[in-house]
Amino acid sequence: MIHFEQVSFTYPGAAQPALADVSLHLPAGEFALLVGPSGAGKSTLLRCLNGLTPHFSGGSLSGRITVNGLDPVAASPKVMSRHVGFVFQTPEAQFVMDRVEDELAFALENAAMPPQEMRIRVEEVLDLLDLAALRRRRLDTLSGGERQRVAIAAALALRPQVLVLDEPTSQLDPKSAEDVLQALVRLNTDLGLTIVLAEHRLERVLPFVDQLLYLPADGSGVRHGPPAEILPHIELQPPLVQLAQRLGWQPLPLTIKEGRRHSQRWLNGRAVVTRPAGAPAQRGEPYLQAKQVEVAFDGRAVVQGIDMQVWPGEIVALMGRNGAGKTTLLKSLVGLAAPRRGQIWVDGRDVTGRDVADICRQVGYLPQNPGALLFADHVIDELHVTLRNHGLSPERAPIAPRLLLEQLGLAGHAESYPRDLSVGEQQRAALGAVTVTRPGALLLDEPTRGLDYRAKQQLIELLRGWRQAGSAILLVTHDVELAAALADRVILLSQGQVIANGPPAEVLANSPLFAPQVARLFPGTGWLTVPDVLAGSA
């Protein structure tokens with residue numbers, strides 16, 4: 001079905017190839033997971049499957065590619081679109097129409113499909129991805145996760161033989177991600193659809209896949225095989241596999257069900273030291289404060305009467321299902337969404353009547369789409385522009401721009417064009433642009449989107465350092481493992497209202513939707529992370 005024979009590809013003007021001598025074979029009907037460090041070339045490899053590489057990107061490609069009996073380079077993306085459905089990392093990049101239902105029908109109309117067949121297929125994908133309630137909604141009113149599900153549905157409408165997805169769960173809450181993956185499993189099992197999926201959050205996807213494809217950053221060639229054979233030999237491992245490796249569990253568990261067989265035996269007779277809840281710094285006045293805030297769109301209340309505080313030296317994770325109002329609440333804190341009721345204070349000052357630029361001198365805001373902040377010619381220039389807007393020079397910056405890029409793992413990309421970077425690298429570049437002035441508060445919307453485990457750990461250490469220096473940090477995330485490792489406090493939203501607010505060990509461990517892997521392995525212990533297990537057992 002899919003063959004790569006010694007494929008190499010270099011982007012125009014690049015000194016090093018994005019892909020180097022890649023060879024692999026995937027039979028029809030496989031469910032394959034592509035993993036690798038951020039920037040290793042995963043998106044480039046996926047785009048080779050439908051001819052976007054090199055037709056759209058330009059560049060030099062060598063070797064031979066065959067997909068469903070066709071050469072994507074010779075056939076062109078237009079022909080390949082009938083055989084390969086593609087879902088991008090950023091769903092907005094592939095939308096054409098304004099409404100959900102129209103977007104799903106667009107490709108079918110261009111294929112001159114009879115109206116009755118078109119209606120059947122639109123209804124089919126609406127039901128498959130739980131989008132029926134959104135069918136008449138405008139795409140620009142949907143949450144990031146809802147837009148991602150629409151993009152997947154649009155790709156499925158043509159019933160391709162191969163479905164390619166680039167981080168399809170990166171903006172989805174755990175339940176929505178599981179629903180999407182279960183839908184993909186049904187398509188793979190019942191219809192024989194071949195699926196190739198790139199994802200950084202391996203803990204979500206590993207239980208469903210047949211093959212693991214590992215693309216290293218050093219160009220040493222793709223490793224592929226069953227997940228249990230490949231995982232012990234690579235550095236990208238979810239918490240369950242990390243723990244199993246540390247404790248010598250065999251055979252290697254890939255699911256929580258398999259892991260519990262090991263964890264129950266291992267825990268038997270051991271003393272358990274419960275993870276301390278910790279005491280976040282809540283002295284003095286909160287840096288961010290919202291009182292009875294209500295925000296509405298098109299007459300519909302998205303945020304309803306929320307009271308919230310974030311203190312200096314505290315990291316708060318804001319979590320909840322897609323569409324719960326998390327991003328809207330963040331936007332209201334910096335003036336991008338005006339509350340119709342309630343008050344918001346930043347460092348003791350009411351934000352009413354203040355413009356966004358003024359508020360952002362005190363609050364750094366990283367949106368879901370990092371590309372919205374990137375417009376300079378070089379990554380280092382993004383940081384310099386922010387400094388100039390604040391009346392600062394690089395020499396007078398609270399942190400040297402190049403040092404910050406080094407801390408973000410971007411030292412080698414300082415002179416790169418930002419939009420040539422991977423999504424994960426763009427995320428870190430945008431984070432550098434909003435933090436180079438060291439504002440008193442940071443609002444981060446899905447900051448680990450596109451980050452591998454190593455890059456995520458670097459971000460965790462960076463945020464811990466800023467917390468220690470007194471920053472008030474509020475992050476929206478669907479990454480339960482990030483919240484477990486980093487947050488002092490977790491706030492859960494549902495339908496625009498706060499339903500839980502407390503330490504991670506209380507809020508996450510007792511949640512059937514948001515419990516991290518370790519909490520599922522060891523219920524009742526208060527453990528959330530691998531270090532908790534290693535430090536809390538004797």
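We count residues from 1, following the sequence as given.
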Report the C-alpha separation of M1 and L26 in whole Å, then their side-chain angles, then the decisive distance to 0.1 Å, and conclude whether the side-chain contact (heavy atoms from CB on, under 4.5 Å) test is met. CA-CA 6 Å; M1 169 60 80; L26 281 179; 5.7 Å; no

Side chain to side chain contact (heavy atoms under 4.5 Å, CB included) against R396, all qualifying residues, sequence neighbours excluded: L392, S393

Going by side-chain hydrogen bond (donor to acceptor under 3.5 Å, both in side chains), T169 matches just one of E199, E178, H200. Which one? E199

Can you tell me if CZ on R82 sees more than 12 non-hydrogen neighbours from other groups inside 6.0 Å? no

Any chance you could measure L61, atom CG, to C48, atom SG, to the nearest 0.5 Å? 5.5 Å

What is the minimum heavy-atom distance between P37 and L236, and which atoms define it? N-CD1, 3.7 Å

Closest approach of L165 to I195 (non-hydrogen atoms, all atoms of both residues): CD1-CG2, 3.8 Å

To the nearest 0.5 Å, how far apart are CG in L330 and CD in E446? 10.5 Å

Just by modelled atom types, is the A107 backbone N or O under 3.5 Å from a matching donor or acceptor in the N110 side chain? no

With side chain to side chain donor-acceptor pair (under 3.5 Å) as the test, would you mind laying out the steps for D445 and T327 before giving the verdict? CA-CA 7 Å; D445 201 346; T327 294; 2.7 Å; yes

Residues forming a side-chain hydrogen bond (donor to acceptor under 3.5 Å, both in side chains) with R186, sequence neighbours excluded: none

Do D452 and S38 have side-chain N/O donor and acceptor atoms under 3.5 Å apart? no

Using side chain to side chain contact (heavy atoms under 4.5 Å, CB included) as the criterion, list what pairs up with E229, not counting sequence neighbours. P226

Is there a donor-acceptor contact under 3.5 Å from the side chain of R47 to the main chain of L52? no

Flag, side chain of R149 to backbone of L131, donor-acceptor distance under 3.5 Å: no

Between R464 (side chain) and L486 (backbone), is there a donor-acceptor pair under 3.5 Å? no

Residues forming a ring-ring contact (aromatic ring centres under 6.0 Å, His included) with H390, sequence neighbours excluded: none

Euclidean distance, R428 CZ relative to E425 CD, rounded to 0.5 Å: 5.5 Å

I need the single residue from K326, H478, R321 that forms a side-chain hydrogen bond (donor to acceptor under 3.5 Å, both in side chains) with D173. Which is it? R321

Closest non-hydrogen atoms of E203 and P239, given as atom of the first, atom of the second and distance, are OE1-CD, 4.3 Å

Is there a side-chain contact between L163 and F86 in this structure, where contact means two heavy atoms from C-beta onward sitting under 4.5 Å apart? no

Any donor-acceptor pair under 3.5 Å from E5 side chain to R64 backbone: no

Spell out, as yes or no, whether a donor-acceptor pair under 3.5 Å connects the side chain of E103 to the backbone of V96. yes

Applying side-chain hydrogen bond (donor to acceptor under 3.5 Å, both in side chains) between Y214 and each of E235, H233, R223, report the one that passes. E235

Output yes when a side-chain donor or acceptor of K42 lies under 3.5 Å from a complementary backbone atom of L34, and no otherwise. no

Distance, nearest 0.5 Å, that separates CG of N389 from CZ of R361: 7.5 Å

Is there a side-chain contact between H83 and V162 (heavy atoms, below 4.5 Å)? no

Check this for me: does any side-chain nitrogen of one of K456 and D479 sit under 4.0 Å from a carboxylate oxygen of the other? yes

Distance check, rounded to the nearest 0.5 Å: L46 atom CG versus L197 atom CG? 8.5 Å

Which atoms form the tightest heavy-atom contact between L254 and V241, and what is the distance? CD2-CG2, 4.4 Å

Any sub-3.5 Å donor-acceptor pair from E382's side-chain atoms to A376's backbone N or O? yes

Does a donor on one side chain sit under 3.5 Å from an acceptor on the other, for T44 and Y11? yes

Would you say the side chain of L474 lies within less than 4.5 Å of the side chain of L444, judging by non-hydrogen atoms? no

Considering all heavy atoms, the nearest R201-L172 contact: NH1-O, 4.5 Å

Give a yes or no answer on whether the side chain of Q94 reaches the backbone of F88 with a donor-acceptor pair at less than 3.5 Å. yes

Step-by-step side-chain contact (heavy atoms from CB on, under 4.5 Å) determination, L383 to D381: CA-CA 5 Å; L383 279 64; D381 294 337; over 6 Å; no

What are the two closest heavy atoms between P504 and D488, and how far apart are they? CD-O, 3.4 Å

Is there a donor-acceptor contact under 3.5 Å linking the side chains of D166 and S43? yes

Step through the shown structure and confirm whether more than 12 heavy atoms of other residues, nucleotides or ligands are within 6.0 Å of CZ on R159. yes

Residues L247, L534; criterion side-chain contact (heavy atoms from CB on, under 4.5 Å); working and verdict: CA-CA 9 Å; L247 301 180; L534 300 179; 4.0 Å; yes

Would you tabulate the side-chain donor-acceptor contacts of residues 400-411 under 3.5 Å, counting partners in other chains and residues two or more places apart, or write 'none'?
unit_1: R402; atom_1: NH1; unit_2: E415; atom_2: OE2; d: 3.4
unit_1: R402; atom_1: NH2; unit_2: E415; atom_2: OE2; d: 2.8

Distance alone, cut at 3.5 Å: any donor-acceptor contact between the side chains of Q161 and T194? no

Roughly how far, to the nearest 0.5 Å, is CG of L431 from CD of Q426? 13.5 Å

Quick one: list whatever passes side chain to side chain contact (heavy atoms under 4.5 Å, CB included) with D98, sequence neighbours left out. R138

Any side-chain to backbone donor/acceptor pair from N188 onto G29? Under 3.5 Å, distance only. yes

CD/Q6: more than 12 non-hydrogen atoms of other groups inside 6.0 Å: no

